[in-house]
Amino acid sequence: VQLQASGGGLVQAGGSLRLSCTASGNIFSINDMGWYRQAPGKQRDLVATVSSGGSTNYADSVKGRFTISISKDNAKYTVYLQMNSLNAEDTAVYYCNADIRRTFQAPHFKYWGQGTQVTVSS
């Protein structure tokens, strides 16, 4: 199983970015996917999650500004994070996460993608 993230970059305060993360490989089912972020010197925190059924959960700091969504195309699952009204506090490395079952009998396991840097200049 691989999670490939993309979409980070440098943006001015008030701007927007869209992150994508695709899970591929030996996937039987996905329970949920999500985005976490880690600023320098801080712990990794939840940003948003979305279940395979579309239920979403957001950190209070991003509610109303960020939107998470999920899509499936054949054997690949992609999670998106649309980030609007960005501010300097959103600067961090963003990591995608997926709760995956590789086979019918296998337990769920959380996989992580590589981080993608988001930098918001004020």
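Keep in mind that this is a model prediction, so the values were computed, not measured.
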Worked check of side chain to side chain contact (heavy atoms under 4.5 Å, CB included) between K110 and D32: CA-CA 9 Å; K110 289 190 178 293; D32 59 60; 4.1 Å; yes
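- Formation of a donor-acceptor pair under 3.5 Å by the T116 side chain with backbone atoms of G8 is found in this model.
- A continuous path of hydrophobic side-chain contacts links Y58 to L19 [ILVMFWY only; heavy atoms under 4.5 Å].
- Rounded to the nearest 0.5 Å, atoms OG (S121) and CD (Q12) are 5.0 Å apart.
- Atom CG of N87 and atom OG of S122 lie 9.5 Å apart (nearest 0.5 Å).
- In terms of hydrophobic clustering, with Ile, Leu, Val, Met, Phe, Trp and Tyr side chains grouped at heavy-atom distances under 4.5 Å, Y95 and I30 are assigned to different clusters.
- Of all the heavy atoms in V62 and V47, the pair that sits closest is CG2-O, 3.6 Å.
- Here D73 does not pair with K76 in a salt bridge; the nearest charged N to carboxylate O distance is not below 4.0 Å.
- In this structure, CG on L86 lies 5.5 Å from CG on L17, to the nearest 0.5 angstrom.
- With rounding to the nearest 0.5 Å, the separation of CG in L81 from CZ in R37 is 9.0 Å.
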Steps toward side chain to side chain donor-acceptor pair (under 3.5 Å) verdict (T119, Q117): CA-CA 6 Å; T119 303; Q117 177 70 47; 3.3 Å; yes
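- Using a distance-only test at 3.5 Å, with no hydrogens or angles considered, no donor-acceptor pair links the side chain of Q82 to the main chain of I68.
- Cation-pi geometry between R18 and Y80 is met: under 6.0 angstrom from the ring centre, within 45 degrees of the axis.
- Both V11 and Y94 are assigned to one and the same hydrophobic cluster, defined by single-linkage of ILVMFWY side chains at heavy-atom distances under 4.5 Å.
- Atom NZ of K72 and atom CD1 of I27 lie 9.0 Å apart (nearest 0.5 Å).
- For the residue pair S6 / S20, no side-chain donor-acceptor distance below 3.5 Å is found, with atom types taken as modelled.
- Among residue pairs with one or both ends in residues 7-50, those qualifying as ring-ring contact (aromatic ring centres under 6.0 Å, His included) are F28-F104, Y36-W112; sequence neighbours excluded.
- The two atoms that bring A92 and A39 nearest to each other are CB-N, 3.8 Å, heavy atoms only.
- A 6.0 Å sphere centred on CD of Q38 holds more than 12 heavy atoms belonging to other residues, nucleotides or ligands.
- Judged by the 6.0 Å and 45° rule, R102 forms no cation-pi pair with F109.
- Between S16 and N84, the side chains place a donor N or O and an acceptor N or O closer than 3.5 Å (distance only, hydrogens not considered).
- In the model, H108 has a side-chain atom that pairs as donor or acceptor with a side-chain atom of D99 under 3.5 Å.
- Of all non-hydrogen atoms in T78 and T22, the two that sit nearest each other are OG1-OG1, 2.9 Å.
- In this structure, CZ on R65 lies 9.5 Å from CE on M83, to the nearest 0.5 angstrom.
- What you find for M33 and V79 is that their closest heavy atoms are CE-CG1, 3.7 Å.
- Side chains of T91 and E89: no donor on one and acceptor on the other come within 3.5 Å.
- Closest non-hydrogen pair, S52 versus I70, comes out as CA-CD1, 4.5 Å.
- V93 and L46 end up in the same hydrophobic cluster when Ile, Leu, Val, Met, Phe, Trp and Tyr side chains are linked at under 4.5 Å.
- A chain of hydrophobic side-chain contacts below 4.5 Å, direct or via other Ile, Leu, Val, Met, Phe, Trp or Tyr residues, connects Y77 to Y111.
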